Amino acid sequence: MIWPKPVLAFGESPFYVRDPGSRGLGGSFAAIGRARLLQIAVCQILAYTSDKGAMTMSHLAENILSAARAMPEGGLLSPKEFLHLGSRAAIDKTLSRLAQEGKLLRVSRGAYVAPHQGRFGSRPPSTESVVQAIEASCGETVVANGAAEANALGLTTQVPTREVFLTSGASRTLHLGSRCVELKHANRWQLLLGKRPAGKVIRALSWLGPESAPAALKQLRAKLPESEWEAVRGARAALPSWMAKVVSEAMAHG
């Protein structure tokens, strides 16, 4: 029997279903109802779209990993950098999947880094490298907190147990493997003079407080270059009143 060959005006190619009751070697094609034909067409298109979507996700993942490998240790990846490759939803999903697979680390909301491949295997990037990347990519000023500065200047033997930095940006916590690094939004005067010795002095004095600051300044006077002392003195107008007073008195007796 010759079965009619229905043509569906859905695409260029007609859809057929092999007649399950056919016993011939080559089989035959049975025409089916239009509703069923449309259902089959939609299923085929959905399957194709799903395969195409999987290919797109794979392409995104390859491009993201390639960009991550090309960056220095601690280099930050943002979803916005890959919008030319796909939708924001697809990029977010791909980054999340790569983080779940351990190929990337989600440092904070919207920020990812690649694990560093060293001689002894894979490890999270160093805190310093991530902080430098934040300064470069986000335009923030990020400096050590007062306790860390006081320790670095030899004013205390107390070693901070937590990694805390002061930033001109928003407060947030960075997750680097098992390590948590806190970024705390700071007042402008706490960030004065950046990472130079004079800036470290200001933050150390802030942590020491009014009672311990005078003795600390006397100790530092013999260590710091004159140019750094001049920088501290020049910053007095921006400092809290108690600190400006301590600096002025130290200069007067210096």
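Everything numeric here is computed off the predicted structure, so don't read it as measured data.
- Using a 4.5 Å cut-off on side-chain heavy atoms (C-beta onward), Lys80 and Arg88 make contact.
- Taking every heavy atom of both residues into account, Arg179 and Ser126 meet most closely at NH2-C, 3.8 Å.
- Under the 4.5 Å side-chain heavy-atom criterion for ILVMFWY residues, no single connected hydrophobic cluster contains both Phe82 and Val107.
- Using a 4.5 Å heavy-atom cutoff, the side chains of Lys184 and Val164 are in contact.
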For residues 113-125, please give each side-chain donor-acceptor pair under 3.5 Å, one per line with the distance, not counting sequence neighbours.
{"unit_1": "Arg123", "atom_1": "NH1", "unit_2": "Glu73", "atom_2": "OE2", "d": "3.0"}
{"unit_1": "Arg123", "atom_1": "NH2", "unit_2": "Glu73", "atom_2": "OE2", "d": "3.3"}

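- Between the CG atom in Leu76 and the OG atom in Ser129 there is a gap of 9.0 Å [rounded to 0.5 Å].
- A distance-only check finds no donor-acceptor pair linking the side chain of Ser96 to the backbone of Asp92 [under 3.5 Å].
- Hydrophobic clustering, with ILVMFWY side chains joined whenever heavy atoms are under 4.5 angstrom apart, keeps Leu176 apart from Met71.
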Please step through side-chain contact (heavy atoms from CB on, under 4.5 Å) for the pair Thr167 and Thr141, ending with a clear verdict.
CA-CA 6 Å; Thr167 178; Thr141 298; over 6 Å; no
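- Between the side chain of Ser108 and the backbone N or O of Thr173 there is no donor-acceptor pair closer than 3.5 Å.
- In this structure, Pro240 and Met243 have side chains that are in contact, with non-hydrogen atoms separated by less than 4.5 Å.
- Lys103 is listed as a side-chain neighbour of Leu65, based on a closest heavy-atom distance under 4.5 Å.
- Rounded to the nearest 0.5 angstrom, Leu60 CG and Ile91 CD1 are separated by 6.0 Å.
- Remark: Asn151 CG to Asn145 CG distance equals 10.0 Å, nearest 0.5 Å.
- Residues Leu239 and Val246 fail the side-chain proximity criterion, which asks for heavy atoms closer than 4.5 Å.
- A donor and an acceptor atom, one from each side chain of Glu140 and Ser168, are nowhere located under 3.5 Å apart.
- Counting only distance, with no hydrogens or angles, the side chain of Glu81 and the backbone of Ser78 share a donor-acceptor pair below 3.5 Å.
- Here CG of Leu98 is found 12.5 Å from NZ of Lys93. Values are rounded to the nearest 0.5 Å.
- A donor and an acceptor atom, one from each side chain of Glu163 and Thr127, are located under 3.5 Å apart.
- Taking both residues in full, the closest heavy atoms of Ala133 and Gly74 are given as CB-O, 3.2 Å, listed atom of the first, atom of the second, then distance.
- Within the 4.5 Å cutoff, side-chain heavy atoms of Phe165 are placed close to those of Val181.
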For residues 189-204, tabulate all N or O donor-acceptor pairs below 3.5 Å that involve a side-chain atom, not counting sequence neighbours.
{"unit_1": "Gln190", "atom_1": "OE1", "unit_2": "Asn187", "atom_2": "N", "d": "3.0"}
{"unit_1": "Lys195", "atom_1": "NZ", "unit_2": "Glu135", "atom_2": "OE1", "d": "3.1"}
{"unit_1": "Lys195", "atom_1": "NZ", "unit_2": "Glu135", "atom_2": "OE2", "d": "2.8"}
{"unit_1": "Lys195", "atom_1": "NZ", "unit_2": "Val142", "atom_2": "O", "d": "2.8"}
{"unit_1": "Arg196", "atom_1": "NE", "unit_2": "Glu228", "atom_2": "OE1", "d": "3.2"}
{"unit_1": "Arg196", "atom_1": "NH2", "unit_2": "Glu228", "atom_2": "OE2", "d": "3.0"}
{"unit_1": "Arg203", "atom_1": "NE", "unit_2": "Ala144", "atom_2": "O", "d": "3.3"}
{"unit_1": "Arg203", "atom_1": "NE", "unit_2": "Glu149", "atom_2": "OE2", "d": "3.0"}
{"unit_1": "Arg203", "atom_1": "NH1", "unit_2": "Gln190", "atom_2": "O", "d": "3.2"}
{"unit_1": "Arg203", "atom_1": "NH1", "unit_2": "Gly194", "atom_2": "O", "d": "3.2"}
{"unit_1": "Arg203", "atom_1": "NH1", "unit_2": "Gly199", "atom_2": "O", "d": "3.3"}
{"unit_1": "Arg203", "atom_1": "NH2", "unit_2": "Glu149", "atom_2": "OE2", "d": "2.8"}
{"unit_1": "Arg203", "atom_1": "NH2", "unit_2": "Gly194", "atom_2": "O", "d": "2.8"}

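- Between the CG atom in Leu104 and the OH atom in Tyr112 there is a gap of 8.5 Å [rounded to 0.5 Å].
- Here the shortest heavy-atom pairing between Leu153 and Lys223 reads O-NZ, 3.7 Å.
- Salt bridge absent: Glu249 and Arg236 never bring a charged side-chain N and a carboxylate O closer than 4.0 Å.
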Which atom pairs, donor and acceptor, lie under 3.5 Å between side-chain atoms of residues 206-220 and protein residues at least two apart or in another chain?
{"unit_1": "Gln219", "atom_1": "NE2", "unit_2": "Gly154", "atom_2": "O", "d": "3.4"}

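- Ile134 is listed as a side-chain neighbour of Arg172, based on a closest heavy-atom distance under 4.5 Å.
- To the nearest 0.5 Å, atom CG of residue Leu95 and atom CD of residue Gln100 are 11.5 Å apart.
- Counting only heavy atoms from C-beta outward, the side chains of Val232 and Leu205 never approach each other to under 4.5 Å.
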